[in-house]
Amino acid sequence: MKSDVWFNGRLVPHEEATVHVLSHVVHYGTSVFEGIRCYKTKKGSAVFRLRDHMQRLLDSGKIYRMEIPYSLDELEAAVTTTITNAKLESCYIRPVVFRGLGPMGVNPLGNPVETVIAVWEWGAYLGAEALENGVDVHVSSWNRMAPNTFPSLAKAGGNYINAGLAKMDAVLSGFTEGIMLSVDGYLAEGSGENLFLVKDGRILTPPGSLSILPGITRDTVIRLARERGYEVEENLLPREALYLADELFFTGTAAELTPIRSVDHHTIGSGRRGPITEELQSAFFRIIHDGEDPYGWLTPVEFEVEAV
Ligand code: PPE
């Protein structure tokens, strides 16, 4: 079933949620977006870190001088309305703000800012088995953008034309995902996920200054790990640190916490989900599946029970 789309403040049928082919975004990639998940927890449906995602959307808009005419509260309410209207107890949520139809040419200013929220059911991002068994990846020949080219703190549509090159390269080479390096050759992130390494009981992850998207799942995992007594270091890491890691995993809204079992045909650790990965995954799943919420990260979504 194709759910209604929230389009500039009102819900419209899926097939009516369209844009003109001369919209600025189609020609110049001028959009910012979010990816969020709503889970059917044991305590009811809830959106994970909705406010943090919507704040990042507003931040992305600010960087690109796109004035989003809605407050955080209004955007949050729009998300829950879209979900309840769709009657989806669990779903992926895609808010996107883009430059619409207006003056043609590179200058985005003067083109209208359109705000959309869509929801759909989206299963395991890197394959059904991946969460347990892990994925096989390679190091991409495509780098992440250099600092001061595309701002990586903005989750912008245009950034993903680079991510798409890495993803195509990985998939066509028989891998599930590609790990991208920074322009200086340090480990950065996957095409749509942040990266973590485990070595001698310590947890390592590339720093936020390295043209990565500062992921909300990354932040979640860092917090969960530190609370469990692990040392988490954000540091420059060379490519070969991947091969020598005891455990590796990706984090992301779509990917959740997905173990990596090989890189460039090197087996990582024992070639299966490692113990620290599993511990952090369980801690994360206790929140999103069981609905335990000591951090105030879950926004409940109420559904009206229809009379039989
Ligand atoms: N890095 C990139 C480049 C990225 O796209 C994502 C999310 C992350 C890191 C993790 O961020 P967070 O979701 O806040 O933990 N990628 C989204 C889009 C995936 C897609 O194919 O579309 C996502 O996971 O929803």
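Reckoned from all heavy atoms, side chains included, excluding hydrogens, waters and symmetry mates. Order of listing sets the numbers, starting from 1, for every ligand and every atom in it. None of the values given here were measured: they were computed from a predicted structure.
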A.B. asks: Quick check on ligand 1: any N or O pairs to the protein under 3.5 Å? One line per pair.
C.D. replies:
| from | atom 1 | to | atom 2 | distance (Å) |
| --- | --- | --- | --- | --- |
| ligand 1 | 1 (N) | E189 | OE1 | 2.7 |
| ligand 1 | 5 (O) | K155 | NZ | 3.3 |
| ligand 1 | 5 (O) | Y160 | OH | 2.4 |
| ligand 1 | 13 (O) | T253 | N | 2.9 |
| ligand 1 | 13 (O) | T253 | OG1 | 2.5 |
| ligand 1 | 14 (O) | R56 | NH1 | 2.9 |
| ligand 1 | 14 (O) | R56 | NH2 | 3.0 |
| ligand 1 | 14 (O) | I216 | N | 2.7 |
| ligand 1 | 15 (O) | I216 | N | 3.3 |
| ligand 1 | 15 (O) | T217 | N | 2.9 |
| ligand 1 | 15 (O) | T217 | OG1 | 2.6 |
| ligand 1 | 16 (N) | K155 | NZ | 3.3 |
| ligand 1 | 16 (N) | G192 | O | 3.3 |
| ligand 1 | 21 (O) | Y125 | OH | 2.5 |
| ligand 1 | 22 (O) | R94 | NH2 | 3.0 |
| ligand 1 | 24 (O) | T253 | N | 3.3 |
| ligand 1 | 24 (O) | A254 | N | 2.8 |
| ligand 1 | 25 (O) | Y92 | OH | 2.4 |

A.B. asks: Which of parallel (below 30°), tilted (30 to 60°) and perpendicular (above 60°) describes F175 and H265?
C.D. replies: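 The rings of F175 and H265 sit tilted, inter-plane angle from 30° to 60°.
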A.B. asks: Treating T176 as the side-chain partner and V137 as the backbone partner, does any N or O pair qualify as donor plus acceptor under 3.5 Å?
C.D. replies: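 Here the side-chain-to-backbone pair does not exist.
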A.B. asks: So does R51 pair up with D73, basic N to acidic O under 4.0 Å?
C.D. replies: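 A salt bridge links R51 with D73.
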A.B. asks: Does E177 pair with K167 as a salt bridge, N-O distance under 4.0 Å?
C.D. replies: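 A salt bridge is present here (some side-chain N lies under 4.0 Å from a carboxylate O).
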A.B. asks: Taking the basic N atoms (NZ, or NE/NH1/NH2) and the acidic carboxylate oxygens, is any pair closer than 4.0 Å for E234 and R218?
C.D. replies: yes
A.B. asks: Below 30° counts as parallel, above 60° as perpendicular, anything between as tilted: where do the rings of W297 and Y295 land?
C.D. replies: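 W297 vs Y295 ring planes: parallel.
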